[in-house]
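Below is one structure, written out as structure tokens, with a few remarks after it.
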Amino acid sequence: MKKIISAIFAAGLGLAAFQSPVQAQDSIEAVRSRGVLRIPGIINEDPYFNKDPRTGEWRGFAIEMARDIAKTLGVKLEVVESSWPNSILDVQSGKVDLALGVTATPQRAMSVAFSAPTYFNSFVIVSPKPELSKLSWAELNDPKYTFAVDLGSSQDLIAQQYLPKAKMLRFKTRDEAIVAVVSGKADGLVNTMLNGLVMTKKANGIGKVMVPSPVLSTPSVVALNWKGDEKWRSFISAWAEYNRRIGNNQTWIVNSLAPFGITLDDMPEGFGFGG
């Protein structure tokens with residue numbers, strides 16, 4: 001009998017030891033003990049992220065937000081190179097502690113926990129055709145129009161919902177979608193406000209950002225592991241809410257757009273990062 005009890009006790013200790021790394025890493029105490037806050041970073045994703053190939057330094061407003069979180073915790077920031085789809089998997093697996101710049105969708109909420117919004121973005125059409133500028137989503141939802149979108153993105157989901165009758169060209173990368181518009185294969189590209197503004201400065205012939213009515217505002221959040229403790233999730237939400245309300249998040253975003261010659265004056269009327 002003693003042998004059986006000992007075996008059960010040992011098995012319990014083994015299970016606890018197996019589980020503890022996953023659970024422990026998702027807490028304020030664990031991050032402080034490690035001395036490093038880990039986030040996924042995505043190359044060529046201005047204004048969110050980018051990495052200087054010469055120096056290896058990261059830039060972008062998501063990086064600045066992460067640096068502030070790390071500073072608040074009193075730890076260093078470590079950026080793990082990733083991609084938009086993989087960043088969610090990185091959070092789930094414990095490879096990183098959190099992911100910034102995530103669009104809150106019901107599908108993603110089944111995989112990761114969300115913080116309070118860090119800012120609000122809007123879905124837009126980027127097009128060189130001025131006749132599209134005053135059309136609503138309902139008017140654009142017509143077979144005579146062809147739009148490009150990057151496959152599996154949040155803007156792809158919006159296109160499926162609001163433009164089911166329009167012709168849709170879906171590409172593996174955003175760059176391919178941009179080429180479709182510039183080459184005339186598509187009338188416009190479905191994306192978000194911040195991405196769209198940068199596109200207009202980087203891609204000749206892509207046109208302008210157009211905001212169809214109704215304005216589709218979407219919260220950008222911090223993605224967290226569901227196994228993290230409540231104190232950790234509450235801290236990140238409190239950080240997001242505080243910095244959004246006092247304007248720090250908007251300042252970081254605007255500063256990241258400045259190298260492209262984009263200012264608050266370039267934002268469409270009625271658009272606000274605070275929602």
Side-chain angles (χ1 to χ4, degrees), residues 40-51 60-63 81-92 99-112 119-129 132 137 140-143 145-212 215-221 223 253 256-257 260 262:
I42 305 163
I43 292 176
N44 295 326
E45 279 297 319
D46 286 310
Y48 302 85
F49 307 90
N50 212 337
K51 185 179 181 180
F61 72 79
I63 297 295
E81 196 170 307
S82 186
S83 65
W84 285 121
N86 286 341
S87 63
I88 298 297
L89 298 176
D90 292 341
V91 172
Q92 284 183 292
L100 288 127
V102 175
T103 300
T105 66
Q107 290 88 346
R108 288 173 179 164
M110 292 188 284
S111 302
V112 291
Y119 66 96
F120 286 80
N121 210 342
S122 295
F123 291 101
V124 300
I125 300 292
V126 185
S127 174
K129 299 188 175 184
L132 302 185
W137 288 105
L140 292 168
N141 185 29
D142 191 302
Y145 297 121
T146 299
F147 296 104
V149 70
D150 40 326
L151 183 68
S153 61
S154 56
Q155 47 267 21
D156 188 8
L157 296 176
I158 286 295
Q160 293 175 41
Q161 182 175 350
Y162 284 87
L163 302 171
K165 295 179 181 178
K167 295 178 182 177
M168 199 63 56
L169 302 179
R170 291 181 166 85
F171 299 93
K172 290 183 179 180
T173 67
R174 186 179 307 147
D175 287 343
E176 291 175 292
I178 291 173
V179 171
V181 177
V182 173
S183 65
K185 293 181 180 178
D187 297 304
L189 180 147
V190 183
N191 215 284
T192 58
M193 174 70 70
L194 297 180
N195 285 335
L197 288 170
V198 173
M199 285 179 206
T200 62
K201 302 297 183 179
K202 294 177 70 174
N204 292 330
I206 191 68
K208 296 182 178 181
V209 171
M210 303 171 184
V211 188
V215 176
L216 304 179
S217 183
T218 177
S220 181
V221 298
I253 293 171
S256 71
L257 292 169
F260 302 97
I262 301 169

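- To the nearest 0.5 angstrom, Phe49 atom CZ is 5.0 Å from Ile42 atom CD1.
- With respect to the salt-bridge test (charged N to carboxylate O, under 4.0 angstrom), the residues Glu45 and Arg174 qualify.
- For the atom pair CD1 (Ile158) and CG (Asn191), the distance works out to 11.5 Å, reported to the nearest 0.5 Å.
- Between Ser127 and Asp187, the shortest heavy-atom contact is OG-O, 2.6 Å.
- Ring centroid separation for the pair Tyr119 and Phe61 comes in under the 6.0 Å cut-off.
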Would Ile88 and Val102 count as a side-chain contact (heavy atoms from CB on, under 4.5 Å) if you check the C-alpha gap in whole Å, the side-chain angles of each, and the deciding distance to 0.1 Å?
CA-CA 9 Å; Ile88 298 297; Val102 175; 4.1 Å; yes
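- Under the 4.5 Å side-chain criterion, counting only non-hydrogen atoms from C-beta, Lys201 is not in contact with Leu257.
- To the nearest 0.5 Å, atom CG of residue Asp46 and atom CG of residue Leu194 are 11.5 Å apart.
- Nearest approach of Val209 to Thr200, heavy atoms of both residues: CG2-CG2, 3.9 Å.
- Residues Phe123 and Tyr162 are not in side-chain contact: their nearest non-hydrogen atoms beyond the backbone lie 4.5 Å or more apart.
- The shortest side-chain heavy-atom distance between Pro47 and Ile253 does not fall under the 4.5 Å cut-off.
- Counting heavy atoms from C-beta outward, Asn44 and Asn50 have side chains that approach closer than 4.5 Å.
- In this pair, Trp84 and Tyr48 present their aromatic rings perpendicular. The plane angle is above 60°, beyond the 30 to 60° band.
- A 4.5 Å side-chain heavy-atom check between Val181 and Val126 finds every atom pair outside the cut-off.
- Only one option out of Thr218, Thr192, Asn195, Asp150 pairs with Gln155 in a side chain to side chain donor-acceptor pair (under 3.5 Å); it is Asp150.
- Of the inter-residue distances, the one linking Thr146 atom OG1 with Leu163 atom CG reads 11.0 Å to the nearest 0.5 angstrom.
- Here the CE-CG distance, from Met199 to Asp175, works out to 9.0 Å after rounding to the nearest 0.5 Å.
- Smallest separation of non-hydrogen atoms from Ala177 and Ala148: O-CB, 3.6 Å.
- Tested against Arg108, the residues Val91, Thr103, Val221 include a single side-chain contact (heavy atoms from CB on, under 4.5 Å) partner, Thr103.
- Atom CG of residue Leu132 and atom OH of residue Tyr145 lie 5.5 Å apart, to the nearest 0.5 angstrom.
- For the pair Ile178/Lys202, no side-chain contact is recorded, criterion being any heavy-atom separation below 4.5 Å from C-beta on.
- Contact record, Asn141 with Ala166: OD1-N, 3.5 Å, taken as the closest heavy-atom pair.
- Annotation for Ala203 and Ile206: closest pair O-CG2, 3.1 Å, computed over non-hydrogen atoms.
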Could you walk me through whether Val190 and Ile125 pass side-chain contact (heavy atoms from CB on, under 4.5 Å), step by step?
CA-CA 5 Å; Val190 183; Ile125 300 292; 3.7 Å; yes
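- Side-chain contact between Val215 and Ser122 is present, with heavy atoms from C-beta onward closer than 4.5 Å.
- Minimum interatomic distance between Leu151 and Arg170 (heavy atoms only, all atoms of both residues): CD1-CD, 3.7 Å.
- Counting only heavy atoms from C-beta outward, the side chains of Leu197 and Phe260 never approach each other to under 4.5 Å.
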